[in-house]
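Reviewing the structure listed below.
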Amino acid sequence: MPYDQTLVEKRDYSLTGPSSRRAIELGLASAEWYHSEIPRKVMRELMARSDQPALRDTVIWLGLLVLTGWGGVHFWGSWACVPFFFVYGVLYGSCCDSRWHEASHGTAFRTGWMNDVVYHIASFMVMRNPVNWRWSHARHHTDTIIVGRDAEIAFMHPTNIWMKLQAFISPIDAWQSLKVLARNALGNMSADERTYIPASELPKAVFWARVHMAIYLATLLAAPWMRSILPFMLIGLPRLYGCWHMYMTGLIQHGGLAEDVVDHRLNSRTCYMNPISRWIYWNMNYHVEHHMFPMVPYHALPRLHALIKDDLPPPCRSIWAAYAEMVPAVLRQRHEKGYFLRKDLPPTARPYREDLHQDVPDRSGMRA
Amino acid sequence: MTWITACSVDDIDPEDVLRFDHGGRTYAIYRDLKGEFFATDGLCSHEQVHLCDGLVMGDQIECPKHNGRFNYKTGAAMRAPVCINLKTWPTRVSDDVVEIEVI
């Protein structure tokens, strides 16, 4: 079908504007969401917490960081440092996101302080204020891809393709993250941030922003003192040169799928991946499952997937397959208001709960 | 205040939770590992999610939506994103029936 090449009207994605009011009026805020059926006893087993898997993974993660960091420093000045920094970068700039995410849910470890330690280390690596993002992510789970409510929507229509491409080395994203940390460190919280962070938590947000900025300042002072950018190769820059895996996997979570629906099968994507990517990503490739049941730890998601897959759209068979379906859909969404990739459900699945969000006006006129 | 029947003691496994609705309110009834029963409001004070779908660990209930935690014996909010304590309700067991005292 030939498309009208005119870009769709820019939507309001702020959390304080007309989209937010509209979402609340339509009952899309804090709504009841569809869940696949799982017996309570089975769900209790899936939700059970354990320190062991995350302890093992964290020892490997931090051990490899030290090893590859040492290799990068040792061979600095020769080409031999490149493979070390390549691995160090992914461990720092991509693993940080999945560790931040799982620890923010409190599901990585059974022991609370272990979650907190990993959460703060990973928050620093990923350049996120640990307080702001804990609350924004809670909102992301309450109102997943509800425009005007969700602070973590990656694809804002019409999608800026250039911005999505640069994300793989992330200079703009990292710069903006640093600006937020600097602003927060000065005690300035935005209107959007105040919509999802309770007033009692704001001083903590300022404190942690100051901690992060102090470490960056120390790195900034160390570089000229050492007459080398090596300090930045270890702290800060890996967020750029090693973030490609984080974005490669992160963009397919919701890209090309629906906005303003209350059935995660319509707005989230599950995708099979190779074991290395799954380790880096801590199994967040089972993304529909994670959103339906966020209290299930990462190490139990494959079991959860096996239990409910007959009630979900067929998963993408690879990262490549996910991009093959997502990219054309995202490009079409730039020109066709309300379009989204609506995957067919298997005959064993219960139908999409479109009745729960059928009154959303922006979907009228949608072409399937 | 009135004592009302909520469930049988066998309806809840040790270290688990059950939903109970009465008089337009929803409650969560808990059984700890010692076999004692407790009751709180049934909805999380953060985003009004039913706690009966959550995970009981020791003295705490974890909200199924955002993983906030409460001590279900005291109602105290223990882990963000929950900040507001839960209301607790008295319970008693009589002839293998769990009762809660409600308004």
Side-chain angles (χ1 to χ4, degrees), chain A residues 29-33 35 37-41 43-50 101-113 115-116 119 130-144 149 196-202 204-205 264 290-297 300, chain B residues 6-21 26-33 37 41-72 74 76-86 98:
Chain A
S30 304
E32 287 282 341
W33 286 68
H35 292 98
E37 290 293 332
I38 296 187
R40 173 73 185 164
K41 279 187 187 299
M43 182 48 69
R44 281 180 65 197
E45 290 171 14
L46 289 165
M47 290 190 294
R49 301 297 150 73
S50 167
H101 174 263
E102 192 74 17
S104 81
H105 280 283
T107 45
F109 300 90
R110 181 179 174 85
T111 307
W113 67 263
N115 279 310
D116 292 339
Y119 183 69
V131 177
N132 300 19
W133 279 78
R134 189 188 291 281
W135 290 90
S136 76
H137 197 64
R139 178 68 71 81
H140 175 61
H141 275 271
T142 306
D143 299 321
T144 310
R149 296 286 299 172
Y196 56 81
I197 306 172
S200 62
E201 297 289 299
L202 295 176
K204 294 180 194 169
H264 291 113
H290 167 66
H291 269 282
M292 266 194 196
F293 302 105
M295 63 289 197
V296 174
Chain B
C7 60
S8 158
V9 293
D10 294 333
D11 289 340
I12 315 178
D13 288 335
E15 206 173 36
D16 203 6
V17 57
L18 183 77
R19 174 176 169 175
F20 173 64
D21 296 341
T26 185
Y27 303 88
I29 317 288
Y30 308 84
R31 182 177 184 176
D32 71 7
L33 284 171
F37 291 85
D41 275 349
L43 297 175
C44 178
S45 59
H46 170 230
E47 290 275 8
Q48 304 292 294
V49 175
H50 281 284
L51 293 169
C52 61
D53 295 323
L55 177 65
V56 179
M57 289 181 287
D59 295 346
Q60 295 187 14
I61 172 72
E62 181 177 284
C63 172
K65 191 76 172 178
H66 304 105
N67 310 86
R69 292 183 191 171
F70 301 94
N71 181 319
Y72 60 81
T74 64
M78 304 298 291
R79 182 182 184 276
V82 299
C83 299
I84 301 168
N85 295 347
L86 277 181
V98 181

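Note on naming: letters A, B, ... go to the chains in the order of the sequence lines (proteins, then strands), and numbering restarts at 1 for each one.
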(request) First locate atom CD of B:Glu62, then atom CZ of A:Arg49, and finally report the distance between them rounded to the nearest 0.5 Å. (result) 4.0 Å
(message) Can you tell me how far apart CG (B:Asn67) and NE2 (A:His105) are? Round to the nearest 0.5 Å.
(response) 6.0 Å
Residue pair [X] / [Y]: nearest heavy atoms and the distance that separates them:
| X | Y | value |
| --- | --- | --- |
| A:Trp135 | B:Cys83 | CH2-SG, 3.7 Å |
| A:Ser30 | B:Glu47 | OG-OE1, 2.8 Å |
| B:His46 | A:Ala138 | CE1-CB, 4.2 Å |

(request) Could you tell me whether the side chain of A:His141 and the main chain of B:Lys65 form a donor-acceptor pair under 3.5 Å? (result) no
(request) Could you give me the CA-CA distance, side-chain angles and deciding distance for A:Arg40 and B:Asp53, then say whether salt bridge (charged side-chain N to carboxylate O under 4.0 Å, His left out) is met? (result) CA-CA 8 Å; A:Arg40 173 73 185 164; B:Asp53 295 323; 5.1 Å; no
(request) May I ask you to decide whether B:Glu15 forms a salt bridge with A:Arg44, counting only side-chain N to carboxylate O separations under 4.0 Å? (result) no
(message) Any salt bridge linking B:Asp13 with A:Lys41? Criterion: basic side-chain nitrogen under 4.0 Å from a carboxylate oxygen.
(response) yes
(request) Go through the atoms of A:Pro294 and report whether side chain, backbone, both or neither lie under 4.5 Å from a heavy atom of chain B. (result) both
(message) What part of A:Thr107 gets within 4.5 angstrom of chain B, counting heavy atoms only: side chain, backbone, both, or neither?
(response) side chain
(request) List for me each residue that meets side chain to side chain contact (heavy atoms under 4.5 Å, CB included) alongside A:Thr144, sequence neighbours excluded, and say none if there are none. (result) A:Trp33, A:His140, A:His254, A:His264, A:Asn267, A:His291
(request) Decide if atom CD of B:Gln48 counts as having more than 12 heavy atoms of other residues, nucleotides or ligands within a radius under 6.0 Å. (result) yes
(message) Measuring only between side-chain heavy atoms, which start at C-beta, is B:His66 closer than 4.5 Å to A:Arg139?
(response) no
(request) Check whether any side-chain heavy atom of A:Phe293 lies under 4.5 Å from a side-chain heavy atom of B:Pro64, and answer yes or no. (result) no
